[in-house]
2 protein chains.
Amino acid sequence: MTTDGARSRRQIRHRAEIGAVLRDSSEFLGAQRIHAELRRRDVPIGLTTVYRAMQALAEEGAVDATRTATGEQVYRYCSPRHHHHLMCRDCARVVEVEGPAIEQWTTAIARQHGFAQVNHSVELLGTCPDCAAAR
Amino acid sequence: MTTDGARSRRQIRHRAEIGAVLRDSSEFLGAQRIHAELRRRDVPIGLTTVYRAMQALAEEGAVDATRTATGEQVYRYCSPRHHHHLMCRDCARVVEVEGPAIEQWTTAIARQHGFAQVNHSVELLGTCPDCAAAR
DNA sequence: ATAGATGCAAACGATTTGCAGTCTG
DNA sequence: CAGACTGCAAATCGTTTGCATCTAT
C-alpha cells in the first residue's frame with residue numbers, strides 16, 4: 001500500500017518525472033515507452049520501478065489507464081474533466097467528447113437496476129471526415 | 001487466411017461447438033475458458049485451434065471481442081440485438097441493458113464531428129443491490 | 001498426392017515477483 | 001538501525017508460432 005504519506009526524495013522525483021513525460025504527451029503511453037523516454041531524458045530509473053509507479057498512480061486515480069488493442073496497459077495524465085473518446089479507425093485521430101446525455105443515462109440505468117457506484121467507459125470508433133474523403 | 005469458403009468437416013464442427021458455448025453464456029469468455037468448456041463437453045480440440053478459431057471468427061465479425069481489465073481477450077456471441085452490459089464489480093453478475101438514449105447520443109456526436117460509420121461500446125461497472133447489502 | 005487444418009511444444013512479449021543491495025528518516 | 005525503495009534476473013501468464021502430422025479431396 002502507498003497509503004502512508006511517507007515518500008522518499010527519490011520516489012517523489014520519479015513521480016514528478018513520470019508526470020512530466022505524461023504531460024508532454026497527448027496520447028496514452030505504456031510503461032515501456034515511459035521508461036524509454038525517461039532514459040532518454042537521463043533519468044536513472046529501472047523498468048520495474050516504472051511499472052510499480054504506474055500501478056500506484058493508477059490506483060490513486062492520478063492517471064487514467066486503459067489497454068490498447070494488443071493488450072498493453074497504457075496511461076495518460078488524468079484530465080480534470082470527465083470525457084470520452086471518439087477515435088478514427090483509419091488514422092487513429094482522437095477527439096474528446098463530453099456527454100451529459102451519457103452521464104444521465106448511466107445514472108438512470110444504475111438506479112433502475114439498483115446498482116450503486118457505477119462507473120462507465122464509452123469508446124466511439126468511426127471514420128473521420130478526412131479519411132472518409134480519402135476513400 | 002480463411003478467405004476461401006472451403007472448410008473441413010472438423011472445422012465446421014468446431015465452429016458450431018464454439019458457437020454453442022458462446023450462446024450458452026451471457027458473458028464474455030476467453031479462449032482458455034472456451035477451450036475448457038469444450039473439453040468438459042467432450043469435444044476433442046486443442047487450445048491452439050480455439051485461439052485460431054476465435055481470431056478468425058472475430059475477424060469475420062461473427063463474434064464481438066474485447067479485453068478484460070487484466071488484458072485477456074474475451075469474446076461473446078454477436079447478439080442480434082444491440083445492447084450493453086452492466087456488471088457488478090463484486091460478484092460479476094451481468095445485466096444486459098438497452099439504450100436508445102445512447103444510440104441517439106452516439107449518432108449525434110458522430111454527425112457533429114463529421115465521423116461516419118461510428119461504432120460504440122459502453123461498459124458499466126457498479127455494485128449490485130445484493131453485494132451492496134452484504135457490506 | 002496436395003493443400004489446408006490441427007496440436008504439441010517452444011517462443012514471445014508484457015508484466016510481476018523474489019530477493020539482495022541501497023537509501024531515507 | 002529499521003523499514004521503505006530499487007532494480008536485476010527469474011518467473012508468470014495469455015497468446016502466438018514452428019513444425020511434423022493428420023484429413024479430406
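These values consider heavy atoms only, across backbone and side chains, with no hydrogens, waters or symmetry-generated copies. We name chains A, B, ... by the order of the sequence lines, and we start the count at 1 in each one.
Counting only heavy atoms from C-beta outward, the side chains of Arg39(B) and Val50(B) never approach each other to under 4.5 Å. In this structure the side chain of Met54(A) reaches within 4.5 angstrom of the side chain of Ile34(A), judged on heavy atoms. Under the 4.5 Å side-chain criterion, counting only non-hydrogen atoms from C-beta, Leu29(B) is not in contact with Tyr75(B).
Using a 4.0 Å cut-off between charged nitrogen and carboxylate oxygen, Arg41(B) and Glu37(B) count as a salt-bridge pair. Taking the charged nitrogens against the carboxylate oxygens, Glu60(B) and Arg15(B) do have a contact shorter than 4.0 Å, which makes a salt bridge. One finds a salt bridge joining Arg13(A) and Glu17(A) here, because a Lys/Arg side-chain nitrogen approaches an Asp/Glu carboxylate oxygen to under 4.0 Å.
The distance from atom OG1 of Thr106(A) to atom CZ of Arg111(A), rounded to the nearest 0.5 Å, is 11.5 Å. Gln112(A) contributes atom CD, which lies 12.0 Å from atom OG1 of Thr107(A) (distance to the nearest 0.5 angstrom). Rounded to the nearest 0.5 Å, atoms CG (Leu124(A)) and CD1 (Ile102(A)) are 7.5 Å apart. Taking NE2 of His14(B) as the reference point, atom CD1 of Ile45(B) lies at 4.0 Å (rounded to 0.5 Å). Atoms CD1 and NE2, from Ile109(B) and His84(A) in turn, are 9.5 Å apart once rounded to the nearest 0.5 Å.
Contacts of Gln55(B) with the nucleic acid, taken as non-hydrogen atoms under 4.0 Å apart, involve only primed sugar atoms and P, OP1 or OP2.
Here the C1' atom of nucleotide dG4(C) and the CZ atom of Arg15(B) are 13 Å apart, to the nearest Å. To the nearest angstrom, C1' of dT22(C) lies 17 Å from CZ of Arg13(A). Rounded to an integer number of Å, the gap from Glu59(A) CD to dT16(C) P is 11 Å. When the P atom of dC13(D) is taken as reference, atom NE2 of His35(B) falls 18 Å away, rounded to whole Å. Whole-Å rounding puts the Tyr51(A) OH to dA11(D) P distance at 18 Å. Rounded to a whole Å, the CG atom of Leu47(B) is 9 Å from the P atom of dC8(C). Distance CD (Gln11(A)) to P (dC5(D)): 5 Å, rounded to an integer number of Å. Between the C1' atom of dC12(C) and the CD atom of Gln73(B) lies a distance of 17 Å, rounded to the nearest Å.
In terms of phosphate contacts, Thr48(B) brings no side-chain nitrogen or oxygen within less than 4.0 Å of OP1 or OP2 of dT6(C).
Between Gly71(B) and Gly46(A), the one whose closest nucleotide on DNA chain D sits nearer the 5' end is Gly46(A).
Bending across the helix from dA1(C)-dT25(D) to dG25(C)-dC1(D), expressed as the angle between its end axes from five pairs apiece, amounts to 10° (10° rounding).
Side-chain proximity of Gln32(B) to dG14(D), dT15(C), dT6(D): nearest is dG14(D).
At a cut-off of 3.5 Å, with distance as the only test, no side-chain donor of Gln73(B) or Tyr51(B) sits close to an acceptor on the other residue.
Interface residues of residues 17-25 of chain A facing DNA chain D, ordered by number: none; criterion, heavy-atom separation under 4.0 Å.
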Q) Which nucleotides of nucleotides 19-25 of chain D have their base under 4.0 Å from a protein heavy atom (B), which only their sugar-phosphate (S), and which neither (-), written as one string 5' to 3'? A) ----S-S
